[in-house]
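One structure is given here, and the rest of the page talks about it.
Source: prediction; values computed, not measured.
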Amino acid sequence: MHVMNGLKLPLSSEPGTEILPNHIARQAGAEVQQRINALKIGQKMQDLPEDLWHKSFRFYVKEDPTRKGGPNLRMIRLHPAQPSLTVTGYIFNKFVHPFENRFITVREAARLQGFPDNLKFEGTLTSTQLQVGNAVPIPLAKAVFNALLRSAVQSDVNTQSLTAFSLFSGAGGMDIGAEQADYEARKIHTKLAIDSWADACKTLRGFYGLSSKVLETDITKLNNPLQVWNSLSGESKPPDLVYGGPPCQSFSQAGKQKGFNDDRGKMILEFLRFVEALKPSYFVIENVLNLKGVGGGAFYNKIIEKMNSLGYHILVGPLLAANFGAPQLRYRLFFIASRKDKALLSWPEPTHFAQTSLFNSSVYTTVGQAFSELPQVRFINQKY
């Protein structure tokens with residue numbers, strides 16, 4: 001039991017021999033460690049004395065003539081009684097542990113994303129950080145797939161478990177969410193996953209336990225999606241469901257927002273090329289909220305127009321991960337579609353809320369709950 005600022009925090013186990021994969025912390029340099037030591041729960045860089053501010057942060061706050069809005073986030077000590085802010089691949093020198101004077105580990109970030117502890121992220125430390133940060137929070141993905149299964153079964157009682165094809169799979173946030181989803185004994189069985197990132201593919205193979213399920217390749221080189229599916233999935237029929245998260249950097253507020261002028265932005269159209277070839281009963285795409293705003297909405301409108309032309313009913317909107325049990329205030333944009341000869345799908349209903357009321361009893365999962373019972377962290381010599 002740890003106590004900080006009056007809070008009792010049963011967050012970490014006592015030092016022992018248990019070792020979790022990816023639960024490793026870098027040593028911070030002296031100046032960075034000073035900042036970490038001075039941060040109190042929930043505080044950010046701007047809450048520190050100015051003599052501890054990073055030079056670039058001071059310039060941004062005090063001197064930058066182009067600055068708009070408030071200070072940007074450079075460091076925050078997570079609050080154990082609240083969900084975290086958005087996890088990305090770049091929070092590992094920003095998110096400070098709630099009560100230990102260090103940045104969080106890949107394993108701790110993975111818990112904020114809902115990954116199981118026994119999944120090992122493969123590759124360098126930087127690669128594993130990006131794999132976790134780029135993933136869809138698993139409880140959020142599970143909620144989307146639960147809603148899809150429920151709608152499919154309720155509209156047709158003869159619906160069996162669905163076969164699925166995962167595109168732009170990454171380390172498997174959506175894949176694991178799909179695997180966990182169920183409704184009245186119906187499940188989603190992902191038969192084939194594709195990504196071009198070698199480390200992420202190796203990680204995902206560790207989840208599935210079958211290397212044949214994960215194809216490492218450039219999706220743009222696959223000219224015959226149906227042939228790829230039939231030859232590698234073991235299925236003679238097309239998949240019932242295609243899902244994935246095409247690269248979002250082209251649409252992110254943190255990026256340059258080049259949209260379809262960036263090759264990564266064209267990957268949504270590659271996803272829809274597979275939909276056109278496979279004609280699945282359902283498909284699901286996730287992306288960043290800002291996709292709707294890039295180019296004054298032109299990119300978003302083009303995507304919707306294409307989906308309609310392929311013959312699908314479309315539900316689209318933002319979902320907050322914390323509303324579905326993830327300990328994280330992260331919004332994602334989802335497209336949930338059913339072929340027009342199928343029934344309309346339903347939107348996922350939140351299960352968790354900021355506070356209880358007469359109509360709900362489940363509150364947001366917190367950082368403290370996510371980090372509960374983790375073994376002692378191991379340090380490596382690399383420094384921030």
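By the 4.0 Å N-to-carboxylate-O rule, R102 lies close enough to E108 to be salt-bridged with it. Residues R111 and D117 are paired through a salt bridge, judged by an N-O separation under 4.0 Å between the basic side chain and the carboxylate. The residues K266 and E270 are annotated as not salt-bridged, no charged nitrogen and carboxylate oxygen being separated by less than 4.0 angstrom. Salt-bridge formation is detected for the pair K306/E276: a Lys NZ or Arg NE/NH1/NH2 atom is positioned less than 4.0 Å from an Asp or Glu carboxylate oxygen. Taking the charged nitrogens against the carboxylate oxygens, K202 and E216 have no contact shorter than 4.0 Å, which rules out a salt bridge.
Judged purely by atom type and a 3.5 angstrom limit, Q369 uses its side chain to pair as donor or acceptor with the backbone of T366. Formation of a donor-acceptor pair under 3.5 Å by the K342 side chain with backbone atoms of H313 is not found in this model. In this structure, the side chain of R186 does not engage the main chain of L162 through any donor-acceptor pair within 3.5 Å. Without hydrogens or angle criteria, R332 side chain to P318 main chain gives no donor-acceptor distance under 3.5 Å. The closest donor-acceptor contact from the side chain of E286 to the backbone of G244 lies at 3.5 Å or more, if one exists at all. Although no hydrogens or angles enter the test, the distance criterion places no donor-acceptor pair under 3.5 Å between the side chain of T105 and the main chain of I24. Checked by atom type and distance alone, the side chain of D240 never pairs as donor or acceptor with a backbone atom of S281 at under 3.5 Å. Between the side chain of T217 and the backbone N or O of I219, no donor-acceptor pair lies under 3.5 Å. Counting only distance, with no hydrogens or angles, the side chain of H23 and the backbone of V106 share no donor-acceptor pair below 3.5 Å. Side chain of R339 to main chain of Y312: no donor-acceptor pair is present (N/O by atom type, distance under 3.5 Å, no hydrogens or angles).
For the pair D199 and T124, the tightest heavy-atom approach, listed with the atom from each and the gap, is OD2-N, 4.3 Å. The shortest heavy-atom contact between R330 and G133 is NH2-O, 3.3 Å. The two residues V367 and P98 have their closest heavy-atom pair at CG1-CG, 3.7 Å. The shortest heavy-atom contact between I188 and A178 is CB-O, 3.7 Å.
Environment of CD in E63: crowded, with over 12 heavy atoms of neighbouring residues, nucleotides or ligands closer than 6.0 Å. With a 6.0 Å radius and a threshold of 12 heavy atoms from other residues, nucleotides or ligands, F379 has its CZ atom above the threshold. The environment of CZ in F59 is crowded: more than 12 heavy-atom neighbours from other residues, nucleotides or ligands sit within 6.0 Å.
Classified by interplanar angle (parallel below 30°, tilted 30° to 60°, perpendicular above 60°), the ring pair Y300/F335 is tilted.
Between T128 atom OG1 and K120 atom NZ the span is 10.5 Å, to the nearest 0.5 Å. Note that CG of L320 is 12.0 Å distant from NE2 of H352, once rounded to the nearest 0.5 Å. To the nearest 0.5 Å, the span separating OH on Y183 from OG1 on T159 amounts to 11.0 Å. To the nearest 0.5 angstrom, I314 atom CD1 is 4.0 Å from N308 atom CG. Here the CD1-CG distance, from I285 to L167, works out to 9.0 Å after rounding to the nearest 0.5 Å. Taken from CD in E122 to CD in Q131, the straight-line distance is 8.0 Å, to the nearest 0.5 Å.
Ring centroids of Y243 and F283 are separated by 6.0 Å or more, keeping the two rings apart.
Using a 4.5 Å heavy-atom cutoff, the side chains of F121 and P21 are not in contact. When side chains are defined from C-beta on, T351 does not count as touching N323, because their heavy atoms never get closer than 4.5 Å. The side-chain heavy atoms of V242 and P239, taken from C-beta on, include a pair separated by under 4.5 Å.
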Evaluation steps, side-chain contact (heavy atoms from CB on, under 4.5 Å), between L85 and F95: CA-CA 9 Å; L85 299 178; F95 280 13; 3.9 Å; yes
Worked check of side-chain contact (heavy atoms from CB on, under 4.5 Å) between L125 and I380: CA-CA 11 Å; L125 183 57; I380 59 174; 4.1 Å; yes
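With hydrogens and angles left out, the side-chain atoms of S346 and S151 include a donor and acceptor closer than 3.5 Å.
The side chain to side chain contact (heavy atoms under 4.5 Å, CB included) test with M307 singles out one residue from V316, V275, L272, and that residue is L272.
The hydrophobic clustering, which links ILVMFWY residues whose side-chain heavy atoms are closer than 4.5 Å, places L119 and M174 together.
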